[in-house]
There are 2 protein chains.
Amino acid sequence: MTAEAKRRTQEERTALSEQLMTEAAVSLLVERGIASTTLAAIGERSGYSRGLVTHRFGSKAGLLAHVHDSVAAEWVNRVNTLVGRATGVTALQRVVDALYQFIVDEPEELRAMYLLRYSSIDPGAEFRANVAKVNRAHVRALARWIEEGKTHGEILPMVDARIAAELFASVVDGLLYRWAVDPEIPVSELYELIRAHLGYALRVPSP
Amino acid sequence: MTAEAKRRTQEERTALSEQLMTEAAVSLLVERGIASTTLAAIGERSGYSRGLVTHRFGSKAGLLAHVHDSVAAEWVNRVNTLVGRATGVTALQRVVDALYQFIVDEPEELRAMYLLRYSSIDPGAEFRANVAKVNRAHVRALARWIEEGKTHGEILPMVDARIAAELFASVVDGLLYRWAVDPEIPVSELYELIRAHLGYALRVPSP
DNA sequence: AATAACTTACTTGTCATCAACAAGTAAAAA
DNA sequence: TTTTTACTTGTTGATGACAAGTAAGTTATT
């Protein structure tokens with residue numbers, strides 16, 4: 001730290017530097033990608049030395065895991081807030097809405113998270129476990145909402161909640177992959193289509 | 001090359017070494033991932049020196065692009081063979097079948113290709129253009145099959161071929177992502193579900 | 001047909017970059 | 001004052017890139 005070195009407690013200092021480094025990492029990841037983002041650049045962009053990132057997070061993988069988990073936590077928050085106490089098809093549609101809103105509000109963070117999510121299929125990615133954990137939690141939540149829809153009689157009884165949840169998660173992940181490769185794809189139309197299909201595919205036909 | 005240096009033309013030599021290096025790259029990518037796969041390891045596993053890969057492909061990115069394009073070409077072949085002259089829902093279902101067969105027949109190649117496909121969203125990935133090109137070609141082919149289904153009266157007229165094709169491609173990519181992260185997911189059930197949904201979602205209801 | 005001249009396939013030497021880690025300094029807490 | 005913590009600086013090994021070299025294959029000349 002240079003210049004205006006305000007008087008801070010150690011706790012405040014670590015929290016601040018951690019946040020600044022995470023933000024710097026997100027912007028660098030989006031600008032340059034994972035391989036070209038150096039620890040030195042992150043440290044320096046956030047106003048510290050080239051060595052602090054390693055010191056704090058242990059390794060590049062440690063930092064990437066932290067970045068992933070931070071954004072994933074925000075994503076979970078957004079979903080939970082928007083879904084609230086809804087269940088069944090409504091809950092799933094709200095998930096779609098939350099995602100769309102996330103794309104609009106924080107494209108950088110979302111892009112950084114998906115950069116990490118997708119690169120986590122690399123056997124050498126040490127933060128693989130973090131991603132897999134988040135994925136499992138998502139599917140569990142989705143399956144629960146579907147089960148609730150079944151008990152309320154809204155969703156067809158023959159629907160296998162686990163399989164349907166897995167497919168829904170796949171659609172979302174696939175769509176975000178294609179958005180990440182080509183941001184010009186008609187995202188809003190695709191989300192509309194998914195919302196509509198959720199109704200047709202899962203709901204008990206009204207008499 | 002050592003030992004049994006058979007008498008070969010230069011053309012044969014380059015073709016052979018290129019193939020051996022590509023195969024070595026696929027196996028190393030699947031074993032260790034992109035970052036941990038060194039050019040030296042590829043050269044040596046294929047029986048050459050540490051320097052040949054760079055010499056032949058120019059750079060690591062050049063090699064990765066070549067590997068991607070090789071597997072992508074095989075994928076396109078498989079799809080075209082299986083789809084044949086089919087159109088509409090049948091064609092799309094055959095695509096699903098081709099993919100499932102690819103997973104069963106050549107999981108390593110498919111995994112390597114998807115490793116590269118997904119890591120291509122990284123802004124630093126120089127083979128991004130290769131992946132984007134293949135993606136666009138896929139969507140074009142899918143949209144064409146859907147359009148043909150519409151003209152034959154099999155597929156609902158209100159279906160937007162471009163959007164539906166994009167969504168179908170997303171589903172496939174998303175599913176493969178989840179398979180890559182967790183090979184234990186119920187792939188065959190999911191493919192069945194997709195096959196079935198293609199019928200419900202696109203086809204004109206029979207009278 | 002033989003050999004010389006050239007071109008191409010492949011190898012080895014070297015450098016710059018970067019992640020990792022060790023050792024140091026300064027600021028805060030005890 | 002002593003100890004702990006936040007952060008910086010020095011150094012090393014690994015690796016991608018490239019330059020320079022060697023040997024094998026091809027073409028031209030006689």
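Every chain is numbered from 1 and lettered A, B, ... according to where its sequence line falls, protein lines coming before strand lines.
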In B/S/- notation (B base, S sugar-phosphate only, - none; protein heavy atoms under 4.0 Å), nucleotides 12-20 of chain C written 5' to 3' is BBB---SSB
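- Atom CZ of A:Arg56 is separated from atom P of C:dC21 by 17 Å (rounded to the nearest Å).
- With D:dT8, C:dA9, C:dA29 as the choices, the nucleotide that has an atom nearest any side-chain atom of A:Thr9 turns out to be C:dA29.
- Going from atom CD of A:Gln10 over to atom C1' of C:dA26 covers 11 Å, rounded to whole Å.
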Notebook entry, point to check: After noting the C-alpha distance and the side-chain angles of B:Glu154 and B:Arg203, does the key distance pass the salt bridge (charged side-chain N to carboxylate O under 4.0 Å, His left out) rule?
Noted result: CA-CA 6 Å; B:Glu154 184 204 14; B:Arg203 242 197 283 261; 2.9 Å; yes
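- Considering only heavy atoms from C-beta on, A:Ile194 comes within 4.5 Å of A:Leu175 through its side chain.
- Applying the 4.0 Å criterion to OP1 and OP2 of C:dA9, one finds that B:Ser17 has every side-chain N and O outside that range.
- Taking atom CD on A:Glu12 and atom C1' on D:dC7, their separation rounds to 17 Å, with Å as the unit.
- Using cut-offs of 30° and 60° on the angle between ring planes, the pair A:Trp75 and A:His138 is perpendicular.
- Residue pairs meeting the side-chain hydrogen bond (donor to acceptor under 3.5 Å, both in side chains) criterion with at least one partner in residues 184-202 of chain B, sequence neighbours excluded, are B:Asp97-B:Arg195.
- Taking the side chain as every heavy atom from C-beta outward, A:Glu31 and B:Pro123 never approach each other to under 4.5 Å.
- In this structure, A:Tyr48 atom OH and C:dT25 atom P are separated by 22 Å, rounded to whole Å.
- Rounding to whole angstrom units, CZ of residue B:Phe57 and P of C:dA9 are separated by 12 Å.
- Here NE2 of B:His55 is found 9.5 Å from OG of B:Ser49. Values are rounded to the nearest 0.5 Å.
- The distance from atom CD of B:Glu11 to atom P of C:dC10 is 13 Å, rounded to the nearest whole Å.
- Distance A:His55 NE2 to C:dA22 P: 13 Å, rounded to the nearest Å.
- Between the side chains of B:Asp122 and A:Tyr118, no donor N or O sits under 3.5 Å from an acceptor N or O.
- Looking at A:Asp182 and B:Arg136, no side-chain N of the basic residue comes within less than 4.0 Å of a carboxylate O on the acidic one, giving no salt bridge.
- For the pair A:Arg32 (side chain) and B:Gly124 (backbone), a donor-acceptor distance under 3.5 Å is absent.
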With both pairing distances under 3.5 angstrom for Watson-Crick or G-U wobble, and | for a partner in another strand, the correct string for DNA chain C is ||||||||||||||||||||||||||||||
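- Rounded to whole angstrom, the span from the CD1 atom of B:Ile42 across to the P atom of D:dG16 amounts to 8 Å.
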